[in-house]
Amino acid sequence: MNDTARKVLAPTLFIVAILAFWEWAVWYNELPDFRMASPSDLIPRYIQFWDLFLIKSWETLWRTVVGLALAVVVGTLFGMIMGFSRFAREGLYPILVGFNAIPKATVVPIVALMFVGQHDFNTVLIAFMISFFPIAVSVSIGLSTLEPEYRDILRSLGASQATIFWKIALPKTLPEFFGALKVAVTLAFIGTNLMEIVSPHGRGLGDLFDSGRISADYPLMFAVLFALAALGILLFYVVVFLERIFAGWAERSPV
Amino acid sequence: MQTDPSHYMIELREVTHAYKTKAGPLPVLDNLSLKVPENSFCAVVGPSGCGKSTLTRLVSGLMKPNEGQVWLHNTLVTSPRPTVGMAFQNPVLLEWRTILQNVLLPLEIVKSPMSKAQATERAHHLLDLVGLTGFAEKRPSELSGGMRQRASLCRSIIHKPDVLILDEPFGALDAFTREDLWCTMHDLREQEPFTCMLITHDLRESVFLADQVVVMSGRPAHAQYVLDVDIPGKRTLDDLYAPRSVEMLATLRHQIQVAQGRTAEGDDAPSPPPPPKPARSKPIPGAMQ
Ligand SMILES: Nc1ncnc2c1ncn2[C@@H]1O[C@H](COP(=O)(O)OP(=O)(O)OP(=O)(O)O)[C@@H](O)[C@H]1O
Ligand SMILES: [Mg+2]
């Protein structure tokens with residue numbers, strides 16, 4: 001089997017098999033809607049609410065991406081500070097760890113109170129808060145563990161610290177950065193949904209989920225879960241795609 | 001900048017250096033003095049761990065000595081300078097760049113009169129010289145250790161440095177490629193003169209390439225012995241088998257043994273070869289069963 005055919009065929013096959021099994025299990029156990037919806041129950045919901053799905057998905061998507069973008073900027077900045085200065089690293093690290101340890105579900109109501117009515121801002125803020133830690137850590141580790149041999153190549157020619165950063169340190173950290181970004185994108189997505197569901201404000205897929213819950217439309221809730229999964233996959237593979245472009249050199253060809 | 005009218009290109013004056021380690025200072029160089037005239041070739045040999053790589057880092061200005069001075073081009077070395085080319089013992093190439101881009105890297109730092117096209121042409125020319133024709137667009141991960149060393153050698157001379165510092169650049173090469181590259185070095189020096197300091201553990205290499213071979217003592221090291229290599233005219237590999245070369249090699253071998261502490265110093269004559277072992281006549285009991 002050739003490579004591309006396998007890459008398309010294998011996931012399709014698995015998805016179809018799982019859906020078929022699910023459909024069969026619901027039918028065989030005669031489970032009612034409110035215990036477990038079957039895939040065939042979902043299709044009518046998508047048809048009925050397709051415009052809502054599109055609008056809400058877009059709301060969830062852009063707020064996730066903005067939160068993540070903020071996390072990238074701030075996380076990289078913190079990572080650089082901690083990567084270059086041992087003093088800053090030792091001082092900031094415990095604070096970041098503590099900050100990261102706070103369950104974000106508890107922060108949501110606080111943020112919602114702090115910035116009442118600023119729904120987009122709140123959501124972006126939670127997405128940012130939950131996802132910036134892995135980025136900061138990976139950048140700082142990448143920079144602080146850069147082998148001195150790499151620096152010496154340019155240093156021996158009298159290059160400035162800034163040049164060394166742009167030509168060596170930054171590209172060298174990219175694989176670690178993208179590794180963290182793959183974790184961060186999922187986290188940011190979780191953050192957005194957390195805000196939308198814990199503190200409902202009528203936006204995003206979380207809102208659609210909430211209305212499903214309120215109107216006891218269980219298949220709709222399941223339909224939202226699938227839409228979320230699809231969005232999550234989309235975001236993740238966008239990062240993978242970017243990684244290919246910017247850090248493809250780190251990928252070893254399979255032996 | 002302090003200046004000094006000596007006509008040496010590289011000069012070390014009573015350099016003493018120690019690394020700070022957890023177990024206290026580790027003295028590596030002790031009162032090392034060394035002079036290399038302009039456009040001459042100096043090979044440095046010495047026991048492993050005696051401080052040869054440390055010496056290269058001091059000459060290139062990557063480190064400052066605790067005591068003593070390093071002079072380059074009649075100015076005191078206080079920081080690295082772009083007129084120096086350096087090939088490290090561990091040939092680090094940037095994995096995200098092609099071999100050609102790696103070789104061209106110094107020109108992104110150092111100002112050079114070469115145009116981009118000229119630089120690329122020079123890079124290709126150098127890659128051809130070291131036997132890497134056709135590898136310009138490959139990634140470092142696709143090259144063998146010896147090939148990477150050769151690419152790093154090209155990188156060290158791409159910007160036509162006045163002073164070239166090579167730390168065991170041929171270490172990972174097979175004997176044949178190595179001898180080819182020795183001849184390449186001679187050709188290069190003829191085309192574009194430079195002052196070279198070569199660290200090596202191959203005595204034949206040092207005699208074939210250098211005008212002057214410095215033997216470093218064991219750690220903490222000083223210049224224990226300096227041999228002037230007097231092979232006149234253009235050298236060929238056959239010169240290595242001439243009686244004069246054989247004699248020089250024996251002297252160097254002896255000096256290395258002194259540096260390693262295996263022979264008492266002061267014993268100037270090359271040590272006599274060990275007596276031949278008596279032929280084994282009786283089979284070792286049980287060896288064949
Ligand atoms: N950064 C460092 N910190 C502490 N000690 C070091 C450092 N670099 C080298 N040394 C020590 O200094 C001594 C000399 O090291 P150096 O690398 O100069 O030796 P060398 O002569 O190049 O050896 P080799 O022939 O094996 O390459 C060694 O004993 C080594 O352990
Ligand atoms: Mg060394």
Side-chain angles (χ1 to χ4, degrees), chain A residues 72 76 79-80 83-84 86-87 90 138-139 141-182 239-255, chain B residues 19 53-54 56-64 72 77-99 101-112 137-142 148 151-152 155-167:
Chain A
V72 167
T76 308
M80 277 168 67
F84 285 126
R86 210 170 140 170
F87 183 76
E90 279 161 9
S138 78
V139 171
I141 290 180
L143 292 181
S144 61
T145 56
L146 178 68
E147 295 90 332
E149 287 98 330
Y150 278 87
R151 280 173 210 280
D152 286 348
I153 302 172
L154 288 194
R155 224 158 63 79
S156 68
L157 294 162
S160 68
Q161 283 299 326
T163 313
I164 294 176
F165 175 76
W166 281 113
K167 296 218 184 271
I168 309 253
L170 186 77
K172 182 95 171 94
T173 354
L174 276 183
E176 274 125 12
F177 171 80
F178 275 105
L181 197 60
K182 281 190 220 162
V239 174
V240 170
F241 176 71
L242 291 176
E243 182 182 29
R244 283 264 165 80
I245 294 177
F246 291 108
W249 51 268
E251 216 172 90
R252 294 284 160 136
S253 51
V255 186
Chain B
Y19 283 108
S53 297
T54 307
T56 64
R57 295 173 63 79
L58 290 172
V59 173
S60 63
L62 284 171
M63 297 191 310
K64 267 183 242 166
L72 260 187
V77 173
T78 50
S79 60
R81 48 182 79 178
T83 53
V84 172
M86 193 165 177
F88 296 88
Q89 188 163 12
N90 174 10
V92 182
L93 299 177
L94 309 182
E95 302 94 324
W96 54 92
R97 289 169 171 246
T98 62
I99 297 302
Q101 290 167 336
N102 264 289
V103 170
L104 289 171
L105 179 70
L107 292 173
E108 294 171 27
I109 314 298
V110 177
K111 281 198 201 74
S112 155
E137 294 309 322
K138 293 262 193 294
R139 300 269 165 179
S141 58
E142 297 172 272
R148 271 178 243 177
S152 126
R155 180 178 62 193
S156 69
I157 47 178
I158 185 77
H159 55 300
K160 302 189 177 168
D162 299 339
V163 174
L164 187 61
I165 304 169
L166 306 174
D167 195 349

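Values in this document were obtained by computation on a predicted structure and should not be read as measured data. Protein chains get the first letters and strands the later ones, always in sequence-line order, with residue 1 at the start of each.
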For chain A, the option from B:Glu142, B:Met86, B:Arg97, B:Arg57 that forms the most heavy-atom pairs under 4.5 Å:
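Looking at each of B:Glu142, B:Met86, B:Arg97, B:Arg57 in turn, B:Arg57 comes out on top.
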Can you tell which part of A:Ile168 gets under 4.5 Å to a heavy atom of chain B, answering side chain, backbone, both or neither?
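Looking at A:Ile168, backbone and side chain both touch chain B.
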Taking side chain as everything from C-beta outward and backbone as N, CA, C, O, which of these in A:Thr163 sits under 4.5 Å from a heavy atom of chain B? Side chain, backbone, both or neither.
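Side chain only.
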Report which part of [X] has an atom under 4.5 Å of a heavy atom belonging to chain A: side chain, backbone, both, or neither.
| X | result |
| --- | --- |
| B:Ile109 | side chain |
| B:Val92 | both |
| B:Leu93 | backbone |

Taking C-beta and beyond as the side chain, do A:Pro171 and B:Leu94 meet within less than 4.5 Å on heavy atoms?
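Answer no - side chains too far apart.
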Note, B:His159 side chain near A:Leu157 side chain (heavy atom, < 4.5 Å)
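Side-chain contact under 4.5 Å: yes.
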Report, as yes or no, whether the 6.0 Å neighbourhood of atom CZ on A:Phe246 holds more than 12 heavy atoms from other residues, nucleotides or ligands.
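It does not: A:Phe246 CZ has 12 such atoms or fewer within range.
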Working to the nearest 0.5 Å, report the span between CZ of B:Arg139 and CH2 of A:Trp249.
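Rounded to the nearest 0.5 Å, the CZ-CH2 separation comes out at 9.5 Å.
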Side chains of B:Ser53 and B:Asp167: is there a donor and an acceptor less than 3.5 Å apart?
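Checked: B:Ser53/B:Asp167 side chains pair up, N/O donor to acceptor below 3.5 Å.
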